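Single-structure report; data block below.
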Amino acid sequence: MSEIIAEQKWTWYLLKDNTLDPSADNFKQKGIVTSFLGANMQKWLLQNDFQTINNPPQNNQKLLSFLLSGRVDAILANDQVMNSLIDEFGHKEKVRSALNRNKPLGVYFAKDFLASQPLFLEEFNRAVRYCRQ
């Protein structure tokens, strides 16, 4: 993996009046959850035996609407993206959040590629550091 390109926190979002606790042992069995279709988070939910819906939403805006409409108990999303949407649409009073895990974003390169280009990752990381400044 390259150096971190962007910070990302996988965060649970629930309606404020929902009494479920994402850190509780029984959350997997009690909560109906989702992320958006194709997200690494959705794959993680399925691999870790969460109760997910059959047809996850296709983007973050729809993901938020699933939560607000009560179609799910909780959504798992990138904190920066979802916090921005919650602020933009004025839903701060309706939603609470809880950190699931810190998952910074980076780029993974194939070992064969890196073996054939031994200086590439060092140069790429230097460019990442420059861009992040």
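Keep in mind that what you see is a predicted model, and the values were worked out from it rather than measured.
Residues Lys94 and Leu68 come closest through the heavy atom pair CD-CD2, 4.2 Å. For Lys16 against Glu93, the heavy-atom pair with the smallest separation is CD-O, 3.3 Å. Scanning both residues, Gln8 and Met41, for their nearest heavy atoms gives OE1-CE, 4.2 Å. Of all heavy-atom pairs spanning Ser35 and Pro56, the tightest one is O-CB, 3.5 Å. The two residues Arg132 and Ala6 have their closest heavy-atom pair at NH1-N, 4.4 Å. The heavy-atom pair separating Pro57 from Leu63 by the smallest distance is CG-CA, 3.6 Å.
Side-chain atoms of Met82 and Leu64, non-hydrogen and from C-beta on, do get closer than 4.5 Å to each other. Counting heavy atoms from C-beta outward, Leu67 and Ser65 have side chains that stay 4.5 Å or more apart. The shortest distance between side-chain heavy atoms of Val72 and Val33 does not fall below 4.5 Å. Contact check for Leu99 versus Trp10: no side-chain heavy atoms found under the 4.5 Å cut-off. The side-chain heavy atoms of Leu121 and Ser2, taken from C-beta on, include a pair separated by under 4.5 Å. Between Lys30 and Leu20 there is a side-chain heavy-atom pair separated by less than 4.5 Å. Residues Leu76 and Trp44 have side chains in contact (heavy-atom distance under 4.5 Å, counting atoms from C-beta outward). Residues Gln117 and Leu114 have side chains not in contact (no heavy-atom distance under 4.5 Å, counting atoms from C-beta outward).
Side chains of Tyr130 and Asn125: no donor on one and acceptor on the other come within 3.5 Å. Judged purely by distance below 3.5 Å, without hydrogens or angles, the side chains of Gln42 and Thr52 never pair a donor atom with an acceptor atom.
Under a 3.5 Å cut-off, the side chain of Arg129 and the backbone N or O of Phe124 do not form any donor-acceptor pair. The backbone N or O of Val81 lies less than 3.5 Å from a partner atom in the side chain of Asn78, making a donor-acceptor pair.
Heavy-atom contacts from other residues, nucleotides or ligands closer than 6.0 Å to CG of Asn55 number 12 or fewer. Within a 6.0 Å sphere centred on CG of Asn48, other residues, nucleotides and ligands contribute more than 12 heavy atoms. For CG of Asn59, the number of neighbouring non-hydrogen atoms (other residues, nucleotides, ligands) closer than 6.0 Å is greater than 12.
Taking the six-membered ring where tryptophan is involved, the planes of Phe27 and Trp12 are perpendicular, since the angle between them exceeds 60° and thus also 30°.
Expressed to the nearest 0.5 Å, how far CD1 of Ile86 lies from NE2 of His91 amounts to 8.5 Å. Within the model, atoms CD of Gln80 and CG of Leu105 stand 8.5 Å from one another, a figure rounded to the nearest 0.5 Å. The OG1 atom of Thr11 sits 9.0 Å away from the CG atom of Asn102 when rounded to the nearest 0.5 Å.
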Does Tyr13 form a side-chain hydrogen bond (donor to acceptor under 3.5 Å, both in side chains) with Asp79? I'd like the steps, not just the answer.
CA-CA 9 Å; Tyr13 292 87; Asp79 66 316; 5.8 Å; no

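Under the 4.5 Å side-chain contact rule for hydrophobic residues, Ile53 and Phe50 do not share a cluster. Under the 4.5 Å side-chain heavy-atom criterion for grouping Ile, Leu, Val, Met, Phe, Trp and Tyr, Leu37 is not connected to Ile75 through any hydrophobic cluster. Val107 and Leu119 are not part of a single hydrophobic cluster, where members link through side-chain heavy atoms under 4.5 Å apart.
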